Amino acid sequence: MWPKLEREERLETWMDLYAQRLVRLAYTYVREWTKAEDRVQDAFIKAYERMDQFKDECDPFPWLARIVMNECRMAQRKGWREIVTALLPERVDMSSEDTFLVMDSNQKMYDHILKIPEIYRTPIILFYFEQLPLKQISEILGKSEGTVKSRLARGRNILRKVWEAENHELGTANQGC
């Protein structure tokens with residue numbers, strides 16, 4: 001375990017050397033510079049707290065980058081409800097009945113998205129909710145663009161089947177009344 005002063009000096013050096021690169025990395029996840037800076041700041045706090053887990057013989061950037069990516073993912077998980085809320089239409093443009101129907105439909109779709117496997121869910125969220133281009137999604141996920149396209153297509157198929165099955169069940173239940 002390092003003495004406090006040495007830990008602080010080491011963290012300060014890491015911040016000087018890697019902060020800009022880490023903010024650019026975080027930006028690819030959060031798409032806002034201020035949020036990216038916040039995630040990097042959170043990551044440096046975690047790095048300071050867990051500095052004993054770092055192996056001295058290694059380059060610290062990959063270790064710090066992993067912490068930043070994890071911080072971004074955690075923040076995204078926390079912020080998904082905010083993203084969905086922002087995507088809902090304004091209430092003033094629709095009647096209360098239409099607003100209810102749209103909100104109900106959006107919530108059901110979002111609930112279905114959250115239930116599909118992560119390998120399909122993440123590309124769908126990044127593509128449709130974050131509106132990121134395929135190239136950037138492939139960089140974030142560390143997969144080829146072809147793999148991202150395949151996962152988007154498979155995810156859409158899963159969602160379509162689930163959606164149709166639910167609507168079919170509701171339709172047949174209503175026919176019996």
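A quick note: this is a predicted structure, and the numbers were derived from the prediction, not measured.
Side-chain contact of S144 with T147: a donor-acceptor pair under 3.5 Å is present, judged by distance alone. Remark: the R154 side chain and the N157 side chain contain no N/O donor-acceptor pair separated by less than 3.5 Å.
Taken from CD1 in I158 to CZ in R160, the straight-line distance is 10.5 Å, to the nearest 0.5 Å. Taking OG1 of T28 as the start and CD1 of I137 as the end, the distance is 11.5 Å to the nearest 0.5 Å. In this structure, CG in N70 is found 12.5 Å from CG in D42, a value given to the nearest 0.5 Å. Interatomic distance, CZ of R7 versus CD of E12, reported as 14.5 Å (0.5 Å rounding).
Residues A26 and R39 approach most closely at CB-CB, 4.4 Å, considering heavy atoms. Heavy atoms only, all atoms of each residue included: C72 and V30 are closest at SG-CG1, 4.2 Å. Considering all non-hydrogen atoms of both residues, I116 and R121 come closest at O-NH1, 3.1 Å. Nearest heavy-atom pair across R73 and Y29 is NH2-OH, 3.4 Å.
Taking 4.0 Å as the cut-off between side-chain N and carboxylate O, E145 and K135 do not count as a salt-bridged pair. The pair K35-D38 fails the salt-bridge criterion, with no side-chain N (NZ, NE, NH1 or NH2) lying under 4.0 Å from an Asp/Glu carboxylate O.
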- Message: Run the side-chain contact (heavy atoms from CB on, under 4.5 Å) test on Y48 and E8 for me, step by step, so that the C-alpha distance in whole Å, both residues' side-chain angles and the decisive distance to 0.1 Å come before the verdict.
- Response: CA-CA 8 Å; Y48 180 80; E8 289 174 1; 3.7 Å; yes
- Task: Dump the intermediate steps for side-chain contact (heavy atoms from CB on, under 4.5 Å) on I67 and L22, then the final yes or no.
- Result: CA-CA 10 Å; I67 295 172; L22 293 170; over 6 Å; no
- Derivation and outcome, side-chain contact (heavy atoms from CB on, under 4.5 Å), residues F127 and Q136: CA-CA 10 Å; F127 189 78; Q136 196 165 27; over 6 Å; no
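The shortest side-chain heavy-atom distance between R24 and W33 falls under the 4.5 Å cut-off. At least one side-chain heavy atom of M51 sits less than 4.5 Å from a side-chain heavy atom of W14. Between L141 and I119 the shortest side-chain heavy-atom distance does not fall below 4.5 Å. Under the 4.5 Å side-chain criterion, counting only non-hydrogen atoms from C-beta, R10 is in contact with F54.
Hydrophobic clustering (side-chain heavy atoms under 4.5 Å, transitive across Ile, Leu, Val, Met, Phe, Trp, Tyr) keeps I45 apart from M69.
Not one N or O on the side chain of R151 forms a donor-acceptor pair closer than 3.5 Å with the backbone of Y120.
Tested against Y18 for a side chain to side chain contact (heavy atoms under 4.5 Å, CB included), the candidates T13, L64, V23 yield a single pass: L64.
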